[in-house]
S.K.: 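To start, I am sharing the structure in question, which I have written as structure tokens.
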Amino acid sequence: MNYWLMKSEPDEYSIDDLAAERNQTAHWDGVRNYQARNMMRDQMCIGDKVFFYHSNTAEPGIVGIAGVVRTGYPDFTAFDRKDKHYDAKSDPDNPRWYMVDVRYVRMLKRVITLSELKTHKQLSDFPLVRRGNRLSVMPVSKKDWDFILALE
DNA sequence: GCCAACGTTGGC
DNA sequence: GCCAACGTTGGC
């Protein structure tokens, strides 16, 4: 089993939105970064666990846990001219962008903020706290996953 | 293949 | 709203 962190702007899509979905499940569409795509397309497995992270908000941080319930498949929003994430270069016969489905698992007992994560030396290799990191999907080592959950 | 211009991300 | 970081685009 693998561990991940996925970012979302709560104004766009929050963990509460995920929890309110039918089956508490949603497709993680709109990722338009090759590294993040590769992870979703090639590496994510059913049962993998995901930290749900709220970015671009007053108090950015990890707010809950989700799980991967469907492995990578073409992001159809790229084919929809009217969609915000439309990409003319993604051909349905040779899709450029992929997504996975995730299901709500639970909220954390409290938000573990980015600023708190930055104070822990043990997490200095965690991509989220590395300067300039903008990946919206990133791997989390089991060691870091366990450490972060123990902060809860 | 280089690199300047441009767009986006996301913390603050 | 600002701006640093960094990915992408496109001219050459």
Side-chain angles (χ1 to χ4, degrees), chain A residues 2-21 26-44 48-68 71-141 143-145 147-152:
Chain A
N2 308 306
Y3 301 90
W4 308 93
L5 178 143
M6 296 170 98
K7 295 179 185 174
S8 186
E9 302 190 16
D11 287 348
E12 296 285 321
Y13 194 84
S14 73
I15 192 162
D16 296 313
D17 294 323
L18 179 62
E21 298 276 4
H27 49 263
W28 202 268
D29 62 282
V31 172
R32 298 291 179 266
N33 169 281
Y34 289 104
Q35 264 184 279
R37 176 206 68 182
N38 291 348
M39 288 186 268
M40 291 199 293
R41 188 189 60 187
D42 306 332
Q43 292 179 254
M44 284 194 176
D48 284 1
K49 294 197 178 158
V50 177
F51 279 140
F52 199 114
Y53 178 88
H54 280 175
S55 67
N56 223 340
T57 185
E59 190 108 277
I62 299 168
V63 293
I65 296 174
V68 176
T71 55
Y73 63 106
D75 181 343
F76 50 76
T77 66
F79 310 140
D80 179 358
R81 236 169 233 294
K82 278 168 281 174
D83 195 278
K84 183 181 169 190
H85 301 292
Y86 173 68
D87 181 355
K89 292 180 186 150
S90 188
D91 176 354
D93 293 328
N94 185 20
R96 177 176 291 204
W97 304 115
Y98 282 72
M99 60 188 175
V100 297
D101 286 356
V102 298
R103 182 172 199 164
Y104 174 83
V105 174
R106 68 175 178 88
M107 305 294 291
L108 293 193
K109 293 174 202 138
R110 65 184 185 87
V111 177
I112 298 177
T113 63
L114 177 63
S115 63
E116 177 179 353
L117 293 170
K118 282 179 170 169
T119 66
H120 293 287
K121 261 224 175 81
Q122 294 92 325
L123 297 175
S124 57
D125 289 329
F126 186 33
L128 185 72
V129 305
R130 304 299 291 250
R131 201 168 64 121
N133 192 292
R134 290 170 20 189
L135 271 184
S136 62
V137 176
M138 66 182 71
V140 180
S141 69
K143 184 165 80 71
D144 289 349
W145 177 276
F147 180 82
I148 292 164
L149 269 191
L151 299 173
E152 188 185 10

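Heavy-atom basis, side chains included; hydrogens, waters and symmetry copies ignored. The sequence lines fix the lettering, A, B, ..., with proteins before strands; numbering per chain opens at 1. What you see is a predicted model; the values in this text were computed from it and never measured.
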S.K.: Please find the pair of heavy atoms, one from V102(A) and one from A66(A), that lie closest to each other, and give the distance.
M.R.: CB-CB, 4.4 Å
S.K.: Hey, which of R32(A), R96(A), R41(A) is the one that makes side chain to side chain donor-acceptor pair (under 3.5 Å) with D75(A)?
M.R.: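 The single option meeting the side chain to side chain donor-acceptor pair (under 3.5 Å) with D75(A) is R32(A).
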S.K.: Not counting sequence neighbours, list each pair that qualifies as a salt bridge (charged side-chain N to carboxylate O under 4.0 Å, His left out) and has a residue in residues 97-110 of chain A.
M.R.: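 Salt bridge (charged side-chain N to carboxylate O under 4.0 Å, His left out) check on residues 97-110 of chain A returns R106(A)-E152(A), R110(A)-E116(A).
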S.K.: Enumerate, atom names and distances included, each donor-acceptor pair closer than 3.5 Å involving a side-chain atom of residues 9-20 of chain A, sequence neighbours excluded.
M.R.:
from: E9(A); atom 1: OE2; to: N56(A); atom 2: ND2; distance (Å): 3.3
from: E12(A); atom 1: OE1; to: K84(A); atom 2: NZ; distance (Å): 3.1
from: Y13(A); atom 1: OH; to: E21(A); atom 2: OE2; distance (Å): 2.6
from: S14(A); atom 1: OG; to: D16(A); atom 2: N; distance (Å): 3.2
from: S14(A); atom 1: OG; to: D17(A); atom 2: N; distance (Å): 3.3
from: S14(A); atom 1: OG; to: D17(A); atom 2: OD2; distance (Å): 3.4
from: D17(A); atom 1: OD2; to: S14(A); atom 2: N; distance (Å): 2.8

S.K.: For DNA chain B, which residues of residues 108-119 of chain A approach it to below 4.0 angstrom with any heavy atom?
M.R.: L114(A), K118(A)
S.K.: Could you report the tightest heavy-atom contact between W97(A) and D87(A), atom names first, then the distance?
M.R.: NE1-OD2, 2.8 Å
S.K.: Taking only heavy atoms on the protein side, list every residue of residues 8-17 of chain A lying under 4.0 Å from any atom of DNA chain B, sorted numerically.
M.R.: none
S.K.: With sequence neighbours excluded, what pairs up with S115(A) under the side-chain contact (heavy atoms from CB on, under 4.5 Å) test?
M.R.: T113(A)
S.K.: Using the salt bridge (Lys or Arg N to Asp or Glu O under 4.0 Å) criterion, which residues pair with R130(A)? Sequence neighbours excluded.
M.R.: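 Applying salt bridge (Lys or Arg N to Asp or Glu O under 4.0 Å) to R130(A) gives D125(A).
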S.K.: Specify the residue among R134(A) and K89(A) whose closest nucleotide of DNA chain C lies further upstream toward the 5′ end.
M.R.: R134(A)
S.K.: Within residues 49-58 of chain A, which residues have any heavy atom lying less than 4.0 Å from an atom of DNA chain B?
M.R.: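 Those residues are Y53(A), S55(A), N56(A).
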S.K.: What pairs with W28(A) under side chain to side chain donor-acceptor pair (under 3.5 Å), at least two apart in sequence or on another chain?
M.R.: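 Residues passing side chain to side chain donor-acceptor pair (under 3.5 Å) with W28(A): none at all.
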S.K.: Got a sec, which residues hit salt bridge (Lys or Arg N to Asp or Glu O under 4.0 Å) with R134(A), two or more places apart in sequence or on another chain?
M.R.: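 Testing R134(A) for salt bridge (Lys or Arg N to Asp or Glu O under 4.0 Å), a comparison that skips the adjacent residues, returns none.
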S.K.: Could you go step by step and tell me if H27(A) and F76(A) meet the ring pair (Phe, Tyr, Trp, His ring centres under 6.0 Å) rule?
M.R.: CA-CA 10 Å; H27(A) 49 263; F76(A) 50 76; 5.0 Å; yes
S.K.: Does anyone know the first and last nucleotide of DNA chain C in reach of chain A, 5' to 3', at under 4.0 angstrom to a heavy atom?
M.R.: dA5(C) to dT9(C)
S.K.: Does K118(A) have any side-chain contact (heavy atoms from CB on, under 4.5 Å) partners at least two apart in sequence or in another chain, and if so, which?
M.R.: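 So K118(A) forms a side-chain contact (heavy atoms from CB on, under 4.5 Å) with L114(A), V129(A).
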S.K.: In chain order, what residues pass the side-chain contact (heavy atoms from CB on, under 4.5 Å) check against N2(A), with sequence neighbours excluded?
M.R.: W4(A), C45(A), D48(A)
